[in-house]
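Counting from 1, the numbers follow the sequence of the chain as shown.
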Amino acid sequence: MKTRIIGTGSCLPKAVVTNDDLSKYMDTSDEWISSRTGIKKRHLAVEETTASMSIEAAKQAMENAGVTAAEIDLIILGTVSGDFVTPACACEVQAAIGADRAVAFDINAACSGFMFALNIANAYIQAGLYRTALILGAETLSKIVDWEDRSTCVLFGDGAGAAVVRADENYGLLSFDQGSDGTKGDVLACPGRANNNPLIKNYQKLSYVHMDGQEVYKFAVTTVPASLQKTIEAAGLTAAEIDYFALHQANIRIIQSVSKRLHVNEDKFPISLDHCGNISAASVPILLDEMNRNGLLKPGMKVALSGFGGGLTWASAVVEW
Ligand code: COA
């Protein structure tokens, strides 16, 4: 039995902010952002929330899969920017779509969140506990980035992506690799709520994402190709036999470096970061949905997926579409 992706969906906020728009608010330029990252614009939430975008992406994925809410056994949502500490965003999605039978919870694996959700759903399906799962990555990063730190805020955007996965006898997940390195947690971090109980002397202000960009870059260009290589070999394939690589959309230079290290033409690496920026856990499912809706994916095609980011965390998979 395999775990097959049978439908995808996504949702981006209405407001589009170009690099030139950002240069009105801070000392930056389209030239700096484009040349270092490949990002041209991003969508930022105004009225949208992490839950509202998740719900829209979930509805689209269910429609695309031809699955009703009653059929969903499990909802797993990767996010670092949910609207509430509790309830979980996955529970908000469950209520909105009416998936009464489902078990729903969030996970935090930063930019690898969707990939970790895929592997958890796969484990449940392989164990025979559940048959149909809705997995999502959703972020409103614009509320946790520091808009006074131009070296991070220009990189990120908001949005949500979803996929329905189901047990399938023929096609599906062929191999998976995932890992974490908690010793490097500080290179990409966002502190949580400060403890301001009456015993704490100094009142702590809210804090935002901070990143050592060069350390994150070094981590990504070494770990991601190695993880992909391992996953592709575990699937009994070579990199040349992979039809598409759907990577976390952090930076075009990271993607170019991975393509070089795997000796695979860049054409096989579809891109959404140019118009979305980095949307952490939502990047991979939004890209997959764009590929799906643009007709790139045909049954039986081999697609390698990879997510990487804060934690540090990383995860790769090879799926048969
Ligand atoms: N606009 C204009 N100038 C900027 C800027 C911006 N938005 N952000 C930083 N700068 C300036 C810096 O102040 C610095 O100026 P200085 O040399 O006068 O001090 C200069 O640009 C170079 O900064 P630096 O941080 O060395 O740039 P870089 O070449 O390392 O590129 C990143 C920065 C973030 C693009 C790059 O490190 C990167 O892509 N890292 C990976 C980040 C990532 O993908 N994170 C998410 C992973 S999930």
>> Can you give me the closest heavy-atom contact between Leu173 and Ala317, atom names plus distance?
In response: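 Scanning both residues completely, I find the closest heavy atoms to be CD1-CB, 3.7 Å.
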
>> Minimum heavy-atom separation for Cys190 and Ser207, please, with both atom names.
In response: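 Heavy atoms only, the tightest pair is SG-O, 4.1 Å.
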
So, [X] and [Y]: side-chain donor and acceptor under 3.5 Å apart, yes or no?
X	Y	result
Thr132	Arg166	yes
Asp106	Thr79	no
Thr231	Asp177	no
Asn119	Gln178	yes
Ser29	Ser23	no
Ser81	Glu139	yes
Asn64	Asn292	yes

> Looking at CG of Leu77 and CG of Leu134, how far apart are the two atoms once the value is rounded to the nearest 0.5 Å?
Replying inline: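 Between Leu77 CG and Leu134 CG, I get 8.0 Å after rounding to 0.5 Å.
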
>> Taking side-chain hydrogen bond (donor to acceptor under 3.5 Å, both in side chains) as the definition, give me every residue that meets it alongside Ser259, ordered by chain and number, with sequence neighbours left out.
In response: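 Testing Ser259 for side-chain hydrogen bond (donor to acceptor under 3.5 Å, both in side chains), a comparison that skips the adjacent residues, returns none.
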
>> Holding to side-chain hydrogen bond (donor to acceptor under 3.5 Å, both in side chains), I want the full list of residues that pass it with Gln229, two or more places apart in sequence or in another chain.
In response: Glu233

>> Here's one to test your reading of the geometry: is the NZ or CZ of Arg42 within 45 degrees of the ring axis of Phe156 and under 6.0 Å from its centre?
In response: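 Geometry flag: not set, cation outside 6.0 Å or 45°.
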
> Hey, mind stepping through Glu320 and Arg4 against salt bridge (Lys or Arg N to Asp or Glu O under 4.0 Å) and telling me if it holds?
Replying inline: CA-CA 8 Å; Glu320 280 168 319; Arg4 186 178 191 184; over 6 Å; no

> With a cutoff of under 4.5 Å between side-chain heavy atoms, which Ile, Leu, Val, Met, Phe, Trp and Tyr residues group with Met1?
Replying inline: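 In the cluster with Met1 there is nothing else; it is isolated.
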
>> With heavy-atom distances below 4.5 Å as the criterion, would you say the side chains of Leu12 and Ile279 are in contact?
In response: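 Yes, close enough: below the 4.5 Å cut-off.
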
> Between Asp83 and Lys143, does a salt bridge (Lys or Arg N to Asp or Glu O under 4.0 Å) hold up when you go through it step by step?
Replying inline: CA-CA 10 Å; Asp83 307 312; Lys143 68 186 175 192; 3.3 Å; yes

